[in-house]
Every structure is written in structure tokens, then in C-alpha cells.
Engineer: 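Below are the C-alpha cells for one structure; questions will follow.
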Amino acid sequence: MAQAQEGDRFEKKEENSAPREKQLHFIEQIIADDEKSGKFGGRVHTRFPPEPNGYLHIGHAKSICLNYAMATENNGLFNLRFDDTNPAKEETEYVESILTDVRWLGADWQDRLCFASDYFQQMYDYAVDLIKKGKAYVCDMTAEEMSAARGTATEPGTPSPWRDRTVEENLDLFARMKAGEFPDGSKTLRAKIDMASPNFNMRDPVMYRIVHAEHHRTGSAWKIYPMYDWAHGLEDSIEGITHSICTLEFENHRPLYDWFLDQLGVYHPQQIEFARLNLTYTVMSKRKLLELVKGGYVSGWDDPRMPTICGLRRRGYTPESVRAFCRAIGVAKFNSTIDVTVLENAVREDLNRTALRRMGVLRPLKLVIDNYPEGETEWLDAVNNPENPADGVRKVPFSKVLYIEQEDFMEDAPKKYFRLTPGREVRLRYAYFVTCDSCVKDEEGRVTEVHCHYDPATRGGDAPDGRKVRGTIHWVSAEHARDAQVRLYDRLFSVENPDSASNPLDYKEYLNPESLEVIAHAKVEPALADGAAPGSAHYQFERIGYFYPDTESTAGNPVFNRTVSLKDTWAKVAQKG
RNA sequence: UGGGGAAUUGUGUAAUGGCAGCACGAAUGGCUCUGAACCAUUUAGUAGGGGUUCGAAUCCCUUUUCCCCAACCA
């Protein structure tokens, strides 16, 4: 290697070792470049454009977070816009839910709540303009005829017999379409582009169709409705959007997006496509989610097993955790599938910092402390959140008879089992050290009761002589325990990708029959029952997992949804044998 | 059999001709009044083949695989 070249390399190295800017993903890079070149006058304005025909899911969250982040990180603006151009599928119910979900996620559209339907007149005027330019025509073909004339991948389509109508005739017909003179499906307005284009989207695409239906906002004012390709670029243009971010399947549509805006000579935003989110063990298409709801496979859009925003919310996911997840998965053009454990870890990380610790026993087993005074109750201090001392301490009642978790006792325990087993001393969290003496069994050999004795000197959970115990278990005083229903959720599907070709059956065949387990009578400490109102707090049931009061929960009838379990190293050890 | 995209450790994502890095997972150890959290260490990658170059994940050629497109849906 020559000296000079060594020198070059060294300089490069110096450059690289300088403190580097945050690494940008490809959309951030495009925006940074545009700001540098002054392409949009340094402006950044994004939007999230849902069609109100279903509930938002985690995939939409990726898009919302992306668009909102691009705006806020660049001192820009973010619009929420309903793409309500198809009255047949859209409903106010969906508008309401979308508003709630976007707000919950924390994306703030300020005063820019937009509706495509507000632009219908303007779009109509633009269409008239296009007709006058000889770039659009009214076509009388039926949908079937049009499909047959579209051609194939290798052969061009055949031009519509109506393609060369005069401007006057087109203007007249289009006005009469608008006036409602023609039945559904009898005529369309089409762009006159290129029937031989290798891109089907350019083979004279439909701009307007006739639909005599009630629109959720404009009522029966309109008899014609714009198609997506025609409408979307106009919506972006009208709102002054700079970067129109959408998913990969619209890549083929970009030439058309550009064509319409160019023909009109109006303000022209830039469409950028990224890969939509796929998650293991679930489905993400609106059609399939709708089917799960309508078919009663789940309890509703907000069933905590659903990947919908409202389902995640009801399950106990926080907006912070969903945002952190969206940040973690990145943005690219590669069609990837994210392991659902990434989502689970995101909520664990957030809830570990913030959730209030409580004790609850899912599968109760009676523990009797033989040497503890009958009828006595002590109120012991328990830390609310060791990750945040400011959350303080609460009192937990302790007495002679307790409930512990069935799996925290084993009569014949393997060596690595640190919990209760005859002869072993463990700590009752925040209470006392107890040593197991014996157990009582029923006729079938099931353990019904465990007996132990305690060391009064270990009150609060510390041994004055400094002796250690390997295991600490949670408990609830039997006398003070309150009943709660606990719902344990598992993945909705039993295979990683219910949609994949490697799983040839209908996706519903792969529904996980054990995705919901209801525990009718869990035993929880009083503070949990008192804090069981919906939305009151996120909890960690110590050593078990994170739980969140269900929307049906009341103080008198507590219901907790398990958001996610704690990581369980012991389960792995036990499984290995 | 046309057009448009894409391929980097198990997963996801950087490196824009110059040390293949980061996160998550996993494994191991430490710590611990949660077998959690936390800390430390380890693990493992440029789809294949050619070429250009002092030097290629990056540029060129070629092969393979995957995704999207022929709704009056978005």
C-alpha cells in the first residue's frame, strides 16, 4: 500500500472518529436533505390519513409515530386527516375511535383535523379542469368491461370506445353524473393516460365513480366519489403536506400521484414509501380483524388479545411503551416481521419503571403459621415501587393463615428449587422468614395446606443475624384477602404467521384455543381491590407480571387483565430439568 | 412470461468506496427482600457467482429468493 493512500485512509479515519450525529433512517435522511436544499422552503408537514372503516392497530401506530416524529423533530406540522372517500364502508363510529386512539398515542394534530370530504367541491373543480385539458373523459363501460379491456402484464389494454368524447360532451356528462342522473356503476370519469403502460395504474384509471349512498359527513349531497389515487395527492396538495409517507404497496401508485399533480400544475408534495409493520402470532389486516370481531372469535375491537390500539390499551399497554416499540423497530423498505416479544419487552421496560407493586395470588394454597398467634393482625410496610422511591410505602395485613401460590410449594423439590419445601426456610416478602414443616393432602394426594413456623426476629423480612434465604415468595392474608377475577392472555394465534403460505389453512384455523384463561377467584391484597377502578393504575403483581384493571372492573368486583408476565428464568430452568 | 420494490448475526436496524456497528433476544457469571430489574462477559451476519479497485455490504455484470401490481377499495 502506497504512503499517500495510507494517508488518505488515516484522514478518513479521523473524520469517522469525530462525534457523530444520530444515525438517520432513510426518511429522516430525505427530510434532512430536503431541508438542506430548501426543497419545500425548509418546511416539514406530515399527515396521518386513515380511512374511517375500521379500528386502528399497532401497524397504524408505526405510521402515526413516524409521521408525528418527522414533524416534531423538524419543527414541522402534523395533520390528522380522514380519507373518507368511500361512503359504503365508512362510519362515524370509526372516526370517533380513531380520534381517541391517535390522541392516546400522543400525536397532536392541534387545530388540523381534516376530512377529505371537505375538499369534494375543490376536487370536482380540479376534475373539470382536467377534462378541459383533454386529460379526462367520461366512460360508459361497466366494471367488467373495463377489467376485460385492461390487458395483461405483457399485453397492452384496449382503449375505451368513449375515450375520444369531446370536451363539451365530457363536461356535460360529468355534471350530470354529479347531479345524480345516472345509476351506480353506469359511468365513470377516467384519466386519459396510457393504455399500454406496463404499470396498470396508468391504464386510464378511474377518478370518479357514481355512488348513491349516505356519506357520514356529507349526507346525500354527492352522487359521485373520488377514487384514492385521484383524491390522495389533492388532499396532500391542498393541505400543503411536504412529505406524504405511505406504505410500500403504494409504490406502484406514485407515478399516478405525480401525474395528476403535474397535469394540474398545483403544489406537489413528495410521496415516500416505507414497509408496513408485521408482527408474529397475529394478523394485521383490517379485513381479518373485522372478521374476528364480527365472527365472535374475540369479544370486540378492544379485546385485549387484539393488536388494535384499543385492545392494547385495555390490556394495559401504555402510550410510552407503544411509542418506544415504534422507535425500536426502525423504518426501512424491507418487508420484515417483528417478533411479538419485542412489543412485550417494550411494555415490560416501561411498566418496570412505573407500575405499582402489589401482591396477588393467582392459584391459592393455604399456608398456616403454626406458631403465630391466633386472631392477630399486623400491618407491615411494603414498598410501592423499588424503581421509584417517591411512590412510597403501603401497609399490608399479615396474619396466621395466608395464601401463597401453589407453584411456590413442592413436596419433593429439585435441588435448584428455592421456594417452600419441607425443611427449607424462605422469606415471605416484606414479612417474616418461615420454615416449612409439613403439608396436608386430600384423598387424591393434592396438597391442600402447608404448615410452617416463623421467626419473630425477622419481622419486615430482614434477619438480624444476617442469615440469608435463597427464596422470597409473595403472599396474601387469608382473612383480609379480596377476591378478584384475573384474565391471563396468550398470543391470539398458535403459529408465527397465520397468513403465510407455509400455513395453508384459513388463518382462523390457527387461532390459539388457550389465548384466554380466566381465573375467577384470585386472592389479592386490599390495596389492589381498592385500586381496581378502570384506568386507575398499572400494577405489577410481584413475581408474576403486570396487570391493569379491565374496563369492566369495579372496586366491589375487581377484574385485572394481565398485560404481560414477568420474565421467568425459573420456568426455563425447570423445563430443562 | 411485464412493471415496481427488497435481501446485512436468531430478530430488527446502521455503515452512503476505508475498522461490519447498535438494539433486542439467547448463553454464562455477578448482584438481589421480585428466579424481576440491574451489571458484566460471550454468542452470531453482508443471499450465490463473476468483475472494477490499493481497498467493495456499498460500484458493474449475472443468478437466486421474497414482497407489491390487472377493485368503479384505500
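Residue numbers begin at 1 in each chain, while the letters A, B, ... track the order of the sequences. None of these values were measured; they are calculated from a predicted model.
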Engineer: Hey, does the Lys NZ or Arg CZ of A/Lys333 hover above the aromatic six-ring of A/Phe274, less than 6.0 Å from the centre and inside 45° of the axis?
Structural biologist: no
Engineer: May I ask you to check if A/Arg470 and A/Phe418 form a cation-pi contact, with NZ or CZ under 6.0 angstrom from the six-membered ring centre and within 45° of the axis?
Structural biologist: yes
Engineer: Planes under 30° and centres closer than 5.5 Å, is that true for A/Phe334 with the base of B/A7?
Structural biologist: no
Engineer: From B/G35, B/U13, B/U34, pick the nucleotide closest to the side chain of A/Gln540?
Structural biologist: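 Nearest to the side-chain atoms of A/Gln540, counting from C-beta on, is B/U34.
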Engineer: Between A/Glu405 (CD) and B/U34 (P), how many Å, whole number?
Structural biologist: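 Those two atoms, CD and P, are 17 Å apart.
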Engineer: Would you mind building the protein contact string for nucleotides 24-30 of chain B? One character per nucleotide, 5' to 3', B for base within reach (heavy atoms under 4.0 Å), S for sugar-phosphate only, - for untouched.
Structural biologist: SSSSS--
Engineer: If you count every heavy atom of other residues, nucleotides or ligands that lies below 6.0 Å from A/Arg394 atom CZ, does the total exceed 12?
Structural biologist: yes
Engineer: How about A/Ser321 and A/Glu349: do any of their side-chain heavy atoms sit closer than 4.5 Å?
Structural biologist: no
Engineer: So does A/Arg357 get a side-chain nitrogen or oxygen closer than 4.0 Å to the phosphate oxygens (OP1/OP2) of B/U34?
Structural biologist: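 Result: no.
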Engineer: Separation of A/Asn335 atom CG from B/U11 atom C1', in whole Å?
Structural biologist: 15 Å
Engineer: Report the residues that fulfil salt bridge (Lys or Arg N to Asp or Glu O under 4.0 Å) with A/Glu407, sequence neighbours left out, ordered by chain and then residue number.
Structural biologist: A/Arg419
Engineer: What integer distance in Å separates A/Arg429:CZ from B/A36:P?
Structural biologist: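 These atoms are roughly 13 Å apart.
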Engineer: Backbone N or O of A/Gly54 within a donor-acceptor pair of the A/Lys89 side chain at under 3.5 Å?
Structural biologist: no
Engineer: Looking only at the side chains, is there a donor atom on one of A/Tyr546 and A/Glu344 sitting less than 3.5 Å from an acceptor on the other?
Structural biologist: no
Engineer: Heavy atoms under 4.0 Å is the rule here; annotate nucleotides 69-74 of chain B 5' to 3' with B where the base is hit, S where only the sugar-phosphate is, and - elsewhere.
Structural biologist: SBSBSB
Engineer: Under 4.0 Å between a side-chain N or O of A/Thr280 and OP1 or OP2 of B/U11?
Structural biologist: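 False: A/Thr280 side-chain N/O out of range (4.0 Å or more) of B/U11 OP1/OP2.
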Engineer: Between B/U16, B/U11, B/G2, which nucleotide has the shortest distance from any of its atoms to the side chain of A/Thr154?
Structural biologist: B/G2
Engineer: Any side-chain N or O of A/Ser336 less than 4.0 Å from the OP1 or OP2 oxygen of B/U11?
Structural biologist: no
Engineer: Could you state the CZ-C1' distance from A/Arg254 to B/G3, rounded to the nearest angstrom?
Structural biologist: 13 Å
Engineer: Could you state the CD-C1' distance from A/Glu387 to B/C39, rounded to the nearest angstrom?
Structural biologist: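 These atoms are roughly 13 Å apart.
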